[in-house]
Amino acid sequence: MLAAELTAIGPAHDVVVAKDVPDPGSPGAGRVVVRVEACSINPADILLIEGKYAARPQVPSLIGIEAAGVIEAIGPGVERVVVGDRVLSLGRANWAQKLDLAETEVVLLPPEIDLEQAAMMKVNLATAWRMLTDYVPVGAGQWVIQSAANSGVGVNLIKLAASEGIRTVNVVRRSELIEPLMDIGADVVVVDGPDLAHRVHDATGNAEIRLGIDAVAGSLVQRMGDCMAEGGVLVNYGLLSGDPCQLTADQVVFKGLTLTGFWLAKVMRGMSHSEISDMYAGLAQRVVDGTISVPVVARYPLSEIQAALKHAGTYGRDGKVLLRPNG
């Protein structure tokens with residue numbers, strides 16, 4: 001069977017190859033074999049491959065953060081899933097035609113879920129949900145501000161917030177993104193600039209914004225802080241600018257803003273399998289009921305992994321690039 005292998009640290013489309021590896025065979029006790037139906041190429045995958053993420057992976061190694069598929073075989077003692085169940089993989093080497101996983105490394109999904117959409121749940125959807133709910137109580141009619149609003153996390157956050165009646169201010173870099181984000185439920189979309197706070201206050205009627213979510217870092221954090229209410233919390237989960245997060249002493253000391261970071265992998269390390277399963281069960285229902293639907297711009301077989309990675313790294317894509325390992 002085919003699996004994606006990282007051969008060196010470097011440009012993703014140069015250093016990842018499709019390689020023949022042994023078929024998993026019959027699973028051992030407490031293990032399952034998953035036929036992979038879809039894998040998402042996440043920005044975190046690209047950063048990991050290029051050595052720009054939290055830890056440098058060993059090389060050579062099998063890779064791929066996200067995948068969804070169908071249980072093909074179960075080993076002795078497996079009780080949570082049966083052959084034919086649709087599942088989400090919690091493993092970290094998912095770009096393969098089949099996976100041999102512990103029973104606790106899969107999460108049962110609803111039988112009616114679209115597996116392409118399920119393959120995009122693990123990182124972006126869970127990240128958006130946890131940041132929206134873990135830091136500041138935000139209820140219907142209240143506001144949250146976010147940067148990188150057209151990203152995978154940003155689009156999911158808009159849709160999740162709208163389903164809860166929470167209003168969103170969405171900061172983008174290009175005016176052509178305003179209409180598409182308004183069409184999916186954004187309340188306010190503004191292009192970043194030095195007068196950001198003035199325009200946000202005008203657009204929201206000087207609303208108190210107590211939660212900010214940022215993926216850019218750099219000076220935009222300071223401008224978002226100017227938009228926020230006293231005692232607000234800014235959650236950073238990305239480094240798109242490549243610069244350190246910036247807040248002024250006045251914002252921290254007198255306005256009482258708090259800056260914190262979010263990394264889903266770290267959060268999940270502190271959760272039990274039952275808690276993880278419950279979280280994804282709730283998010284899966286958002287996919288099934290249509291609250292969450294992520295556009296797909298292209299699908300590639302695993303044999304074309306390098307072309308897929310090159311496409312995934314293209315600026316200005318209008319959707320996710322997926323791998324379909326088994327066609």
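Every side chain to side chain contact (heavy atoms under 4.5 Å, CB included) that Leu177 has, sequence neighbours left out, goes to Asn150, Val172, Arg174. With sequence neighbours left out, the side chain to side chain contact (heavy atoms under 4.5 Å, CB included) criterion links Ala148 to Ser151, Ala215, Val216, Leu240. By the ring pair (Phe, Tyr, Trp, His ring centres under 6.0 Å) test, His311 pairs with Tyr300, sequence neighbours left out. Remark: Asp45 pairs with no residue by the side-chain hydrogen bond (donor to acceptor under 3.5 Å, both in side chains) rule, at least two apart or across chains. For the side chain to side chain contact (heavy atoms under 4.5 Å, CB included) test, no residue two or more places apart in sequence or in another chain qualifies with Pro295. In this structure, Phe262 has no ring pair (Phe, Tyr, Trp, His ring centres under 6.0 Å) partners at least two apart in sequence or on a different chain. Applying the side-chain hydrogen bond (donor to acceptor under 3.5 Å, both in side chains) criterion to Arg167, with sequence neighbours excluded, gives no partner residue. With sequence neighbours excluded, the residues satisfying side chain to side chain contact (heavy atoms under 4.5 Å, CB included) with Ala128 are Val153, Asn156, Leu157, Leu160.
The shortest side-chain heavy-atom distance between Ile305 and Leu309 falls under the 4.5 Å cut-off. Side-chain contact between Val221 and Leu247: present, with at least one pair of heavy atoms (C-beta onward) separated by less than 4.5 Å.
A donor-acceptor pair is defined here as one N or O able to donate and one able to accept, closer than 3.5 Å; such a pair exists between the side chain of Glu275 and the backbone of Ser272. With hydrogens and angles disregarded, a donor-acceptor distance shorter than 3.5 Å links the side chain of Gln142 to the backbone of Gly139. Side chain of Arg324 to backbone of Glu116: no donor-acceptor contact under 3.5 angstrom is found. Side-chain atoms of Glu164 do not come within 3.5 Å of backbone N or O of Ala140 as any donor-acceptor pair.
Val253 belongs to a hydrophobic cluster with Phe254, counting contacts under 4.5 Å between side-chain heavy atoms of Ile, Leu, Val, Met, Phe, Trp and Tyr, direct or through other members. Hydrophobic cluster membership of Val123, counting Ile, Leu, Val, Met, Phe, Trp and Tyr whose side-chain heavy atoms lie under 4.5 Å apart directly or via other members: Ile65.
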| task | Test side chain to side chain donor-acceptor pair (under 3.5 Å) on Asp23 and Gln97 and set out the steps. | result | CA-CA 9 Å; Asp23 189 279; Gln97 291 183 300; over 6 Å; no
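Counting only residues at least two apart or in different chains, salt bridge (charged side-chain N to carboxylate O under 4.0 Å, His left out) contacts with residues 241-255 are absent. Residue pairs meeting the side chain to side chain donor-acceptor pair (under 3.5 Å) criterion with at least one member in residues 53-76, sequence neighbours excluded, are Ser40-Glu66, Asn42-Glu66, Tyr53-Trp263, Glu72-Lys98.
Among all heavy-atom pairs drawn from Met1 and Pro24, the shortest one is SD-CD, 3.8 Å.
The OG atom of Ser241 sits 8.0 Å away from the CG atom of Leu220 when rounded to the nearest 0.5 Å.
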